[in-house]
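Below: the structure, in structure tokens.
Being a predicted model, the structure only gives us computed values, none of them experimental.
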Amino acid sequence: MEAVWQIVALGLLGAVLAALLKKHTPELALLLAVAVCGAAALAAVRGVREVWVFLEDLLAAVEISSTLFLPLLKTAGIAVVTRIGADLCRDAGESAVASAVEMAGAMGALLAVLPLMQAAWEVLRSLL
């Protein structure tokens with residue numbers, strides 16, 4: 001919980017500083033936003049290990065193959081990275097690039113979840 005407050009404080013401070021910089025040097029404001037996003041991501045990664053251990057225990061307890069669950073985690077990660085990347089592009093005034101980033105993220109998510117879709121298809125085929 002403490003990490004969340006630190007990330008929120010970092011984000012607010014970065015947003016205020018970027019707003020002040022944007023008036024005079026928009027390039028530096030964008031670089032500051034990228035740096036804040038990177039720092040926030042690194043701070044958030046610290047808690048991922050605990051979540052990962054819990055998910056491994058959960059998968060072992062319910063006997064679900066990680067090949068079925070891992071695509072869901074990958075898709076969530078792709079969604080987060082895509083959202084941040086697209087928002088940074090929009091902040092830079094590049095909405096067309098942001099749309100391309102979102103399209104690439106959607107394709108990446110589909111590719112990540114493809115093994116799950118294939119497994120579901122095999123189950124359906126076996127029932128027919």
Side-chain angles (χ1 to χ4, degrees):
M1 187 66 165
E2 183 179 319
V4 173
W5 289 111
Q6 290 173 349
I7 293 169
V8 169
L10 175 68
L12 289 174
L13 180 63
V16 169
L17 290 175
L20 292 172
L21 281 173
K22 193 177 279 191
K23 294 177 185 176
H24 302 292
T25 53
E27 301 84 11
L28 285 178
L30 180 62
L31 287 175
L32 176 65
V34 170
V36 168
C37 288
L42 287 175
V45 166
R46 285 186 273 170
V48 169
R49 180 68 185 142
E50 293 176 37
V51 173
W52 188 258
V53 169
F54 169 74
L55 290 176
E56 285 178 336
D57 291 344
L58 180 67
L59 290 175
V62 295
E63 298 179 6
I64 295 176
S65 170
S66 64
T67 58
L68 296 179
F69 192 72
L70 198 56
L72 297 175
L73 292 177
K74 286 181 181 179
T75 303
I78 289 169
V80 169
V81 170
T82 300
R83 175 76 186 259
I84 291 170
D87 285 345
L88 285 170
C89 290
R90 281 193 190 85
D91 284 351
E94 299 293 334
S95 60
V97 176
S99 295
V101 167
E102 289 171 341
M103 184 179 61
M107 184 56 65
L110 285 173
L111 289 173
V113 81
L114 188 61
L116 183 60
M117 291 170 36
Q118 289 170 333
W121 174 245
E122 289 301 319
V123 168
L124 285 173
R125 280 185 27 182
S126 70
L127 293 175
L128 296 177

Query raised in the report: CG/Leu116 to CG/Leu70 distance, rounded to the nearest 0.5 angstrom?
Result: 10.5 Å
Report task. Tell me, yes or no, whether the heavy-atom count around Glu122 atom CD, taken from other residues, nucleotides or ligands under 6.0 Å, exceeds 12. Result -> yes
Requested in this report: Please report the shortest heavy-atom distance between Asp91 and Lys22, naming the atom on each side.
Outcome: O-NZ, 4.3 Å
**Report entry** Derivation of the side chain to side chain contact (heavy atoms under 4.5 Å, CB included) call for Val53 and Asp57
**Finding:** CA-CA 6 Å; Val53 169; Asp57 291 344; 4.1 Å; yes
Report summary line: In this structure, CG of Leu28 is separated from CG of Leu17 (nearest 0.5 Å) by 11.5 Å
**Report entry** Linked, directly or transitively: Leu58 and Trp52 (ILVMFWY side chains, under 4.5 Å)
**Finding:** yes
**Report entry** Reported CG-to-CE distance for the pair Leu111 and Met117, which is rounded to 0.5 angstrom
**Finding:** 9.5 Å
Report task. Over all heavy atoms of both residues, which pair between Ala39 and Leu10 is shortest? Give the atoms and the distance, please. Result -> CB-CD2, 3.7 Å
Report task. State whether the number of non-hydrogen atoms from other residues, nucleotides or ligands found under 6.0 Å of Arg83 atom CZ is greater than 12. Result -> no
Query raised in the report: Rounded to the nearest 0.5 Å, how far does OG of Ser99 lie from CZ of Arg90?
Result: 6.0 Å
Query raised in the report: Any side-chain heavy atom of Gln118 within less than 4.5 Å of one from Leu114?
Result: yes
Report summary line: To the nearest 0.5 Å, atom CD1 of Ile84 lies from atom CG of Asp87 at 8.0 Å
Requested in this report: To the nearest 0.5 angstrom, please state how far the CG atom of Leu13 sits from the CG atom of Leu32.
Outcome: 8.0 Å
